[in-house]
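First the structure, in the form of structure tokens, and then the observations on it.
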Amino acid sequence: LKMIRKVPCHGEFYRYTQWHNLAIATLKTMKIPVHVLYYEDYNDKWEQTLIGMLDFLELENATPETAQKFVPGKEYLDYYTSKQRHAIQKLIAKVSTNETWQLLKHYMP
């Protein structure tokens, strides 16, 4: 792929995408139920995220006050230029399955 030359750490982004492609394929093949969480939901929608996760796992509900608080981590947007982020997005979109892209495009610029 010609576009790969424009992507910094292209091997890592390819592996990241393939991991998601293969994980989704495995879940579908094995008919394993899935509950999708986005990282920022822990911070932005803490109570809703906690209740949804516990419900999916069929665990006793905890209250937001008794649950371990989420401590947000770093964001990595500043690691890459806008041009590099665009190239990364194009690579991920190209090698993603439709299902993978539907999940990952959430984080694309």
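Below, all heavy atoms of this structure are taken into account, side chains as well, without hydrogens, waters or symmetry copies.
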Closest approach of [X] and [Y], non-hydrogen atoms and distance?
{"X": "Ser96", "Y": "Leu104", "result": "OG-CD1, 4.3 Å"}
{"X": "Thr97", "Y": "Asn21", "result": "N-OD1, 3.0 Å"}
{"X": "Asp41", "Y": "Thr49", "result": "O-OG1, 3.1 Å"}
{"X": "Leu91", "Y": "His10", "result": "CD2-O, 4.1 Å"}
{"X": "Ala87", "Y": "Lys6", "result": "CB-O, 3.6 Å"}

Rounded to the nearest 0.5 Å, what's the gap from [atom1] on [X] to [atom2] on [Y]? Could you check?
{"X": "Ile92", "Y": "Met108", "atom1": "CD1", "atom2": "CE", "result": "3.5 Å"}
{"X": "His20", "Y": "Gln102", "atom1": "NE2", "atom2": "CD", "result": "13.5 Å"}
{"X": "Lys94", "Y": "Thr17", "atom1": "NZ", "atom2": "OG1", "result": "13.5 Å"}
{"X": "Leu50", "Y": "Tyr42", "atom1": "CG", "atom2": "OH", "result": "9.0 Å"}
{"X": "Leu54", "Y": "Leu59", "atom1": "CG", "atom2": "CG", "result": "6.0 Å"}
{"X": "Trp46", "Y": "Ile51", "atom1": "CH2", "atom2": "CD1", "result": "10.5 Å"}

### Message
Any heavy-atom pair between the side chains of Phe56 and Pro33 that's under 4.5 Å?
### Response
yes
Would a hydrophobic clustering, with Ile, Leu, Val, Met, Phe, Trp and Tyr connected at side-chain separations under 4.5 Å, put [X] with [Y]?
{"X": "Trp19", "Y": "Tyr107", "result": "no"}
{"X": "Leu103", "Y": "Leu37", "result": "yes"}
{"X": "Val34", "Y": "Met53", "result": "yes"}
{"X": "Ile32", "Y": "Leu57", "result": "yes"}

### Task
Specify whether Phe13 and Tyr80 have parallel, tilted or perpendicular ring planes, treating 30° as the upper limit for parallel and 60° as the lower limit for perpendicular.
perpendicular
### Derivation and outcome, side chain to side chain donor-acceptor pair (under 3.5 Å), residues Asn43 and Glu40
CA-CA 5 Å; Asn43 193 49; Glu40 66 277 2; over 6 Å; no
